[in-house]
Amino acid sequence: MAKTYKEIMAEARTLVPELAPAEVKQKLDRGEKPVLLDVREKEEYRDGHLEGALSLPRGFLEIRVEEAVPDHSTPIVAYCAGGTRSLIAARTLREMGYANVISMSGGFTGWKNAGLPFATDRQWTQEQATRYSRHFLLPEVGEAGQAKLLDAKVLLIGAGGLGSPTAFYLAAAGVGTIGLVDHDVVDLSNLQRQILHTNDRIGMPKVDSAELTLKALNPDVKVVKFQERLSAENVRRIFEGFDIIVNGCDNFPTRYLVNDACVFMNKPLVDGSIFQFEGQASVFYPKKGPCYRCLFPEPPPPGAAPSCAEAGVLGVLPGLVGCVQALETIKLILGAGKPLIGRMIQFDTMSMDVRILKLRRDPNCVVCGDHPTVTDLIDYEGFCSGVPSSNGAGNGADHPAEQSESPRPHA
Ligand SMILES: [Zn+2]
């Protein structure tokens, strides 16, 4: 006869003893060593678990428990998030002949709320342990750093010249969530440099092509696709869930939009741009260094800075700059090394001159200065086409110092 959920739970409670978190803690403090069986999903386990707990998600319980706990007389304390899944799991274990099983009422949430100690170290699959083994060997990365990479959420503006190498290497390194904003489809003329895409994907949305490539490289990576043109209307929604923004855009309105949104939303921006044979990259970190507008308060006059489609761009160059962006992103995630905050690297690929420019935050910057006059998103198309916007953003003050050369907008 069919049973309701309530009946199943009530029956389980008659079969399975329950202990509150504090009572389980007392057991452990007395030196008892039950198997602490965490039946939550892997993702829940990674976020925090009882020290030494065995992770065996409920869905795999019957299949794997006999391998993990061969002796049916072993004392087991099963727990989940709130005490429901573990009660059902404990009942199942009893049916399988495990005689000494209890369920922790209140679950891990109750344990945490009672202020009891827990561990947050990550469980690696065999595949992950092998995949990231060269990272594990580096003390600057290690298992803790790899966990940070897998937890990181990085948004790439553009799945083109710069976005391709950046996304490729971030996926390879195990950055867990990669967002891609690109409204375009793959064109044959892209393939000279946009290495995420392939000949057989011409006409396919770039975000879809990129997802295929990145998932094929590393199934750990979650790709979040935004097949839309970034605008003042959608930028907050799109940026919201991400920790770091990587710029691979190819036009001035988007470049100023991305900069301002990062300042307003307090998100680090890993910037890069390329033009013909030259490229540059920097990290614009709100409150820690300058923003793009500190360097380039005003866009160049319309038509003064031709696009890649008009002026051409050397293949490989975006690879160079995109790899710097990927590296800087990884450094920010790990908190390792000295990121390019307040510095800009410039490459001239023909002479192979590489320069590092020092950049200063401009206290008079209209968005990140001491008295900002632009405090919300503006009409960027109008701003970049020379039409003054209503709040005066188009009438920027003279720049106090020539810190760099002309803006390089192109990707
Ligand atoms: Zn600024």
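Side chains included, hydrogens not; waters and symmetry mates left out as well; all remaining heavy atoms used.
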Legend entry - Under-4.0 Å salt bridge between Arg131 and Glu127: yes
Inset, instruction - Indicate yes or no: does Asp370 engage Arg361 in a salt bridge with an N to O separation below 4.0 Å. - result: yes
Inset, instruction - Calculate, to the nearest 0.5 Å, the distance between atoms CG and CZ belonging to Asp47 and Phe118 respectively. - result: 9.5 Å
Inset, instruction - Would you please name every residue forming a side-chain contact (heavy atoms from CB on, under 4.5 Å) with Asp200, sequence neighbours left out? - result: Thr198
Legend entry - Residue pair Thr213 / Arg201, side-chain donor-acceptor N/O under 3.5 Å: yes
Inset, instruction - Evaluate the side-chain proximity of Asp260 to Tyr380: yes if any heavy-atom separation is below 4.5 Å, no if none is. - result: yes
Inset, instruction - Salt-bridge test for Arg91 and Glu95: reply yes if a basic N is under 4.0 Å from a carboxylate O, no otherwise. - result: yes
Legend entry - Minimal non-hydrogen separation, Phe108 against Arg40, with atom names: CD2-NH1, 3.3 Å
Legend entry - Within 45° cone of Phe242 ring axis and under 6.0 Å: Lys267 NZ or CZ: no
Legend entry - Contact summary for Pro268 and Asp243, nearest pair of heavy atoms: CD-O, 3.4 Å
Legend entry - Lys215 atom NZ: more than 12 heavy-atom contacts under 6.0 Å: yes
Inset, instruction - Please examine the side chains of Ile345 and Leu340, heavy atoms only from C-beta on, and report whether any two atoms are closer than 4.5 Å. - result: yes
Legend entry - Residue pair Val207 / Val181, side-chain heavy-atom distance below 4.5 Å: no
Inset, instruction - For the residue pair Glu62 and Thr92, establish whether any side-chain heavy-atom pair is separated by less than 4.5 Å. - result: yes
Legend entry - Closest contact, heavy atoms only, Leu214 versus Ala171: CD2-CB, 3.7 Å
Legend entry - Side-chain donor-acceptor contact under 3.5 Å, Tyr132 with Asn218: yes
Legend entry - Point-to-point distance, once rounded to the nearest 0.5 Å, from CG of Asn266 to OH of Tyr285: 7.5 Å
Legend entry - Ionic contact status for Lys331 with Glu328, cut-off 4.0 Å: yes
Legend entry - Min side-chain heavy-atom separation Met96-Glu66 under 4.5 Å: yes
Inset, instruction - Keeping the roles fixed (side chain from Ser55, backbone from Asp38), state whether a donor-acceptor pair exists under 3.5 Å. - result: no
Legend entry - Straight-line distance of Glu51 CD to Leu28 CG, nearest 0.5 Å: 10.5 Å
Inset, instruction - Please work out which of the three classes, parallel, tilted or perpendicular, describes the rings of Phe252 and Tyr256, given edges at 30° and 60°. - result: tilted
Inset, instruction - Take atom CZ of Arg134 as the centre, draw a 6.0 Å sphere, and report whether it contains more than 12 heavy atoms from other residues, nucleotides or ligands. - result: no
Inset, instruction - Look at the aromatic rings of Phe296 and Tyr292 and report parallel, tilted or perpendicular, splitting at 30° and 60°. - result: tilted
Inset, instruction - Give a yes or no on whether Lys222 atom NZ has more than 12 heavy-atom contacts from other residues, nucleotides or ligands under 6.0 Å away. - result: no
Inset, instruction - Quick one: closest heavy-atom pair of Leu56 and Arg64, and the distance? - result: CD1-CB, 3.5 Å
Inset, instruction - Compare all side-chain heavy atoms of Leu180 with those of Phe226 and state whether any distance is below 4.5 angstrom. - result: no
Inset, instruction - Decide yes or no for Val367 and Phe264: does some side-chain heavy atom of the first lie under 4.5 Å from some side-chain heavy atom of the second? - result: yes
Inset, instruction - Check Asp182 against Ala159 and note the closest heavy-atom contact, atom names and distance. - result: OD2-N, 2.7 Å
Legend entry - Donor-acceptor pair, side chain of Ser133 and main chain of Thr130, under 3.5 angstrom: yes
Legend entry - Which atom of Tyr5 lies closest to which atom of Thr84, heavy atoms considered: OH-CG2, 3.2 Å
